[in-house]
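Single-structure report; data block below.
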Amino acid sequence: MGVLGPKMAFRVLVGCKRVIDYAVKVRVKPDKTGVVTDGVKHSLNPFDEIAIEEAVRLKEKKIATEIVAVSCGPPKCQEVLRTALAMGADRGIHIEVPDEEYASLQPIHVSKILAKLAAQEEASMIIVGKQAIDDDCNQTAQMTAAFLDWPQATFASKIEKTNGDLLVTREVDGGLETIKVKLPAVLSTDLRLNEPRYATLPNIMKAKKKKIDKKKPADLGVDITQHVEVLKVEEPPVRQAGVIIENAEQLVSKLREAGHIQ
Amino acid sequence: MASVRSRVIWLYKNLHYLGKEYPKGQEYFHDRLKAAFLKNKDVKDPEQIEMLLARGEYVMKELEALYKLRKYRAMKQRYYADA
């Protein structure tokens, strides 16, 4: 049980975002206001899956005592909470945000919500995926740490608990960095941290018995006014078709035509 | 221990669930899944049933591993330059 003593609760809060499934070919809406989400398969953000897995492993090592999965968004977010519960989270909190408001929900709002919940739930640790595969913001962990004034360990590829502290190996440009952070802390997971377990059917069924609390951002005193306006969303440029060149002379003439050589 | 019948049904349900994510589409998988079970519907020998159940469970493990690897590879390719 470490220095926290046998009776201390070690609650881990895990952020779970519902995103378009990684295997789906994303399409931009014709009016360029966003991407098509209706009738598209959604799932738990893969980096958040890694976060849940890490929390579950901390619990299996008897470091964590309770895992709370949190998701912000429309009612369908409960599906990803079920996945998290099936993977081993103990209970879920669904922060209800209606579709209209969810479109403009940004990491700053989610960070404020997570910070409030961490205080309310007396969490010892928050783990989130380093980014979501839909907006790729990579901001939630950092801003949550700022709101709570907690230390942060982002892009974690290894987490070890030493006496009261965490030893976290981080993936940084060109190598690894090992840092020591005091608890409570905010962590974000990198791809290589672990291999998330599969949410099997029997576990999904068992997860239906676990509790999901519903709250509204206003219940936590968080204002989710829109700060950022999306002007337009566009597909990346289509790759131009290549040409096959017979010999070196043709190559030179083609390059000259294209203005790459004089 | 659960009856053999319920174990077979359990296996079918689990494989059906796993088939929803099959890369070639769920219809592809579910058609083959049903055909495979129907093919062995008249098997009565308990030993052979055990063998078939074990094979089904092996396929489940393989599918889980396949999905995990597929997702990991997709993420690695998209987010890491050294992939």
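Just so you know, these numbers use all the heavy atoms, side chains as well, and skip hydrogens, waters and symmetry mates. Chain letters run A, B, ... following the sequence lines, proteins first, then strands; residues in each count from 1.
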Return yes when atom [atom1] of [X] has more than 12 non-hydrogen atoms of other residues, nucleotides or ligands closer than 6.0 Å, and no otherwise.
X	atom1	value
Lys180(A)	NZ	no
Lys59(A)	NZ	yes
Lys41(A)	NZ	yes
Glu60(A)	CD	yes

(message) Looking at chain A, which one of Glu21(B), Met60(B), His16(B) has the largest number of heavy-atom pairs inside 4.5 Å, strictly under?
(response)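 Looking at each option in turn, the highest pair count goes to Glu21(B).
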(message) Quick check on the 6.0 Å ring-centre criterion: do Phe47(A) and Tyr79(B) meet it?
(response)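 Centroid separation for Phe47(A) and Tyr79(B): below 6.0 Å.
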Would you say [X] and [Y] make side-chain contact, with heavy atoms under 4.5 Å?
X	Y	value
Tyr198(A)	Leu18(B)	yes
Tyr17(B)	Met205(A)	no
Tyr72(B)	Glu195(A)	no

(message) Between Glu64(B) and Arg197(A) (salt bridge meaning N to carboxylate O under 4.0 Å), is one present in this structure?
(response)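 Salt bridge absent between Glu64(B) and Arg197(A).
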(message) Just verifying a value: how many Å separate Met75(B) CE and Asp190(A) CG, rounded to the nearest 0.5 Å?
(response)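 Answer for the CE-CG pair, Met75(B) versus Asp190(A), is 12.5 Å.
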(request) First locate atom CZ of Arg78(B), then atom CG of Leu191(A), and finally report the distance between them rounded to the nearest 0.5 Å. (result)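 Output value for this atom pair is 11.5 Å.
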(request) Using non-hydrogen atoms and a 4.5 Å limit, figure out which bit of Lys68(B) sits close to chain A: side chain, backbone, both or neither. (result)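 For Lys68(B), side-chain heavy atoms alone lie under 4.5 Å from chain A.
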Checking [X] against chain B: side chain, backbone, both or neither under 4.5 Å from a heavy atom?
X	value
Asp136(A)	side chain
Ile50(A)	neither
Ser43(A)	neither
Pro202(A)	both

